[in-house]
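Here the structure comes first, spelled out in structure tokens, and everything after it is commentary.
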Amino acid sequence: MINLAAICNPSEYNVNPISVIDANFLQPVKIVDVCVQQKKWLIHFSTSEVYGRTLASYLGDVDYSNPELYELDEDSTPLIMGPIGNQRWSYATSKQLMERYIFGRHKEAGLPFTTIRPLNFFGPKMDFIPGRDGEGVPRVLACFMTALLDGQPMQLVDGGMARRTIVSIHDAIRAIVLMINNREWSVNQIFNVGNRHNEVTMKELAELMREAYAECTSDATHLKHPIVNVSGLEFYGEGYEDCDRRMPNLTKAKDLLGWEPTRSLKETLLETVTYYYDQYRDWPKTQRGAAVTQA
Ligand code: UDP
């Protein structure tokens with residue numbers, strides 16, 4: 001059984017916490033229980049967000065001088081989340097409890113499991129574009145893409161200083177297929193799936209995406225596409241708090257599965273931006289602009 005169902009969009013976490021907890025904990029409990037009854041191997045998609053914020057961010061190590069305070073290891077890194085009032089953590093805590101439930105069922109009832117913690121998968125078809133095939137605020141890739149398509153400014157939340165590592169969907173799928181095909185190595189393990197080499201701040205991501213957009217449209221004016229700052233409160237509403245950095249330790253996936261990501265950030269962004277451009281280029285701009293304003 002492979003469980004991919006989730007609500008995993010930060011714009012939902014602080015404004016719709018009950019549906020987030022329902023979709024990410026209460027409902028999947030039933031899936032785990034069925035797997036126990038039927039003696040099935042459960043491959044569960046969790047999230048890198050279970051790590052919460054880095055120890056470095058709490059200790060004021062702003063230069064990240066000590067990797068032990070920010071590197072994310074599946075089996076030893078503590079999972080640290082903010083206070084209850086910051087409902088951003090409704091997602092991370094639901095996912096964490098789900099992981100603990102699965103592990104508990106493994107220990108008590110012998111459930112075979114594999115838990116995957118994705119770190120910012122990027123690629124074609126990763127998200128909706130508001131006003132075309134969805135409504136609301138999507139994740140950062142689609143937010144920046146919508147701005148590029150509409151000729152609206154790309155918005156950097158709190159200055160765009162948060163860092164993410166981005167892994168190509170093709171590399172990620174390869175990891176998952178290896179897990180499925182090598183049960184003896186992947187069973188009863190938790191795996192990070194990410195790419196240490198593709199780390200960017202959100203400001204750098206916005207700049208790289210407008211470069212990719214200029215390349216795929218053959219229009220150099222996009223190199224100057226406007227980028228503006230917006231506060232987390234304005235963008236997501238009350239109760240938003242950001243994960244500062246997500247740098248995965250990937251030695252387990254390499255040692256057990258022989259998996260390493262190979263696709264660079266540049267090629268991943270060019271493929272993804274080109275896909276979105278081809279998919280949505282024929283939408284009249286005014287219609288797109290109107291739809292986004294309503295959203
Ligand atoms: N973000 C941003 N501008 C946007 C949308 C998101 O600066 O238009 C930031 C967000 O605050 C976070 C990062 O981009 O720091 C990644 O957001 P994403 O939606 O991918 O979710 P996450 O990686 O936190 O799960």
Side-chain angles (χ1 to χ4, degrees), residues 6-16 20 23-24 45-54 57 72 79-82 86-96 116-123 126-131 134 136-150 152-169 172 192-195 198-210 213 225-248 265 268-269 272-273 276 292 295:
I7 293 179
C8 51
N9 178 338
S11 70
E12 300 284 324
Y13 307 160
N14 51 321
V15 293
N16 288 318
V20 168
N24 294 311
F45 277 73
S46 184
T47 170
S48 53
E49 198 156 315
V50 295
Y51 292 110
R53 275 176 44 187
T54 64
S57 77
L72 308 175
L79 313 178
I80 313 171
M81 276 127 228
N86 289 355
Q87 294 203 91
R88 155 72 189 234
W89 303 111
S90 63
Y91 174 66
T93 48
S94 311
K95 287 292 215 180
Q96 186 192 149
I116 298 169
R117 294 180 180 165
L119 290 107
N120 292 78
F121 291 3
F122 264 42
M126 288 305 297
D127 209 341
F128 66 92
I129 296 286
V137 180
R139 296 189 59 197
V140 66
L141 160 67
C143 284
F144 287 169
M145 204 59 236
T146 306
L148 288 165
L149 289 163
D150 285 344
Q152 301 288 330
M154 299 157 99
Q155 301 187 68
L156 296 180
V157 173
D158 295 328
M161 288 300 104
R163 304 183 196 200
R164 296 289 185 272
T165 47
I166 297 191
V167 62
S168 162
I169 187 66
N192 288 333
V193 177
N195 188 331
N198 291 349
E199 187 176 36
V200 272
T201 64
M202 293 306 100
K203 185 166 181 291
E204 289 163 345
L205 178 66
E207 289 163 358
L208 288 169
M209 281 183 67
R210 68 180 179 183
Y213 196 67
H225 192 96
I227 298 176
V228 297
N229 285 314
V230 59
S231 73
L233 183 65
E234 276 174 275
F235 194 84
Y236 289 113
E238 206 182 324
Y240 180 70
E241 186 182 345
D242 211 345
C243 302
D244 55 311
R245 188 172 188 185
R246 293 184 188 148
M247 174 58 70
L265 183 59
T268 302
L269 291 182
T272 307
V273 168
Y276 276 105
V292 167

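When a ligand or atom number is given, it counts from 1 through the structure's own listing order. Remember, it's a predicted structure, so these values are computed and weren't measured experimentally.
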Under 4.0 Å from any heavy atom of [X], which atoms of ligand 1 are there?
X	value
Glu49	25 (O)
Ala162	15 (O)
Asn120	20 (O), 23 (O)
Leu156	7 (O)

Answer yes or no: is there a side-chain heavy-atom contact under 4.5 Å between [X] and [Y]?
X	Y	result
Ser94	Tyr91	no
Asn198	Val167	no
Thr268	Asn195	no
Leu265	Phe122	no
Phe144	Pro138	no

Please state which protein non-hydrogen atom is closest to [atom] and give its distance, to 0.1 Å?
atom	value
atom 15 (O) of ligand 1	Asp242 OD2, 2.5 Å
atom 21 (O) of ligand 1	Pro10 CG, 3.3 Å
atom 20 (O) of ligand 1	Val140 CG1, 3.2 Å
atom 11 (O) of ligand 1	Tyr240 OH, 2.8 Å
atom 7 (O) of ligand 1	Val157 N, 2.9 Å
atom 6 (C) of ligand 1	Tyr236 OH, 3.3 Å

Min heavy-atom dist [X] to ligand 1 below 4.0 Å:
X	value
Met154	no
Gly160	no
Glu241	no

### Query
What distance separates Ile80 CD1 from Arg53 CZ, expressed to the nearest 0.5 Å?
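Answer for the CD1-CZ pair, Ile80 versus Arg53, is 9.0 Å.
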### Query
When you look for heavy atoms under 4.0 Å from ligand 1, do you find them on the side chain of Met126, its backbone, both, or neither?
neither
### Query
Which bit of Val230 is near ligand 1, meaning a heavy atom under 4.0 Å away: side chain, backbone, both or neither?
neither
### Query
Under 4.0 Å between a Lys/Arg side-chain N and an Asp/Glu carboxylate O for Arg163 and Glu204?
no
### Message
A cation-pi test, strictly: NZ or CZ of Arg117 under 6.0 Å from the centre of the six-membered ring of Tyr51 and no more than 45 degrees from its axis. Yes or no?
### Response
yes
### Check: Ser48 main-chain N/O paired with Asn192 side-chain donor or acceptor under 3.5 Å
no
### Task
With atom 4 (C) of ligand 1 as the reference point, say which of Gln155, Arg139, Met145 has the nearest heavy atom.
Gln155
### Task
Report the member of Arg164, Met202, Met161 with the shortest heavy-atom distance to atom 9 (C) of ligand 1.
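When every heavy atom of Arg164, Met202, Met161 is considered, Met202 comes closest to atom 9 (C) of ligand 1.
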### Query
Taking Glu49 as the fixed residue, which of Arg164, Arg139, Arg246 is the one that meets the salt bridge (Lys or Arg N to Asp or Glu O under 4.0 Å) rule?
Arg246
### Closest approach of Val157 to Ser231 (non-hydrogen atoms, all atoms of both residues)
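Looks like CG1-C, 4.4 Å.
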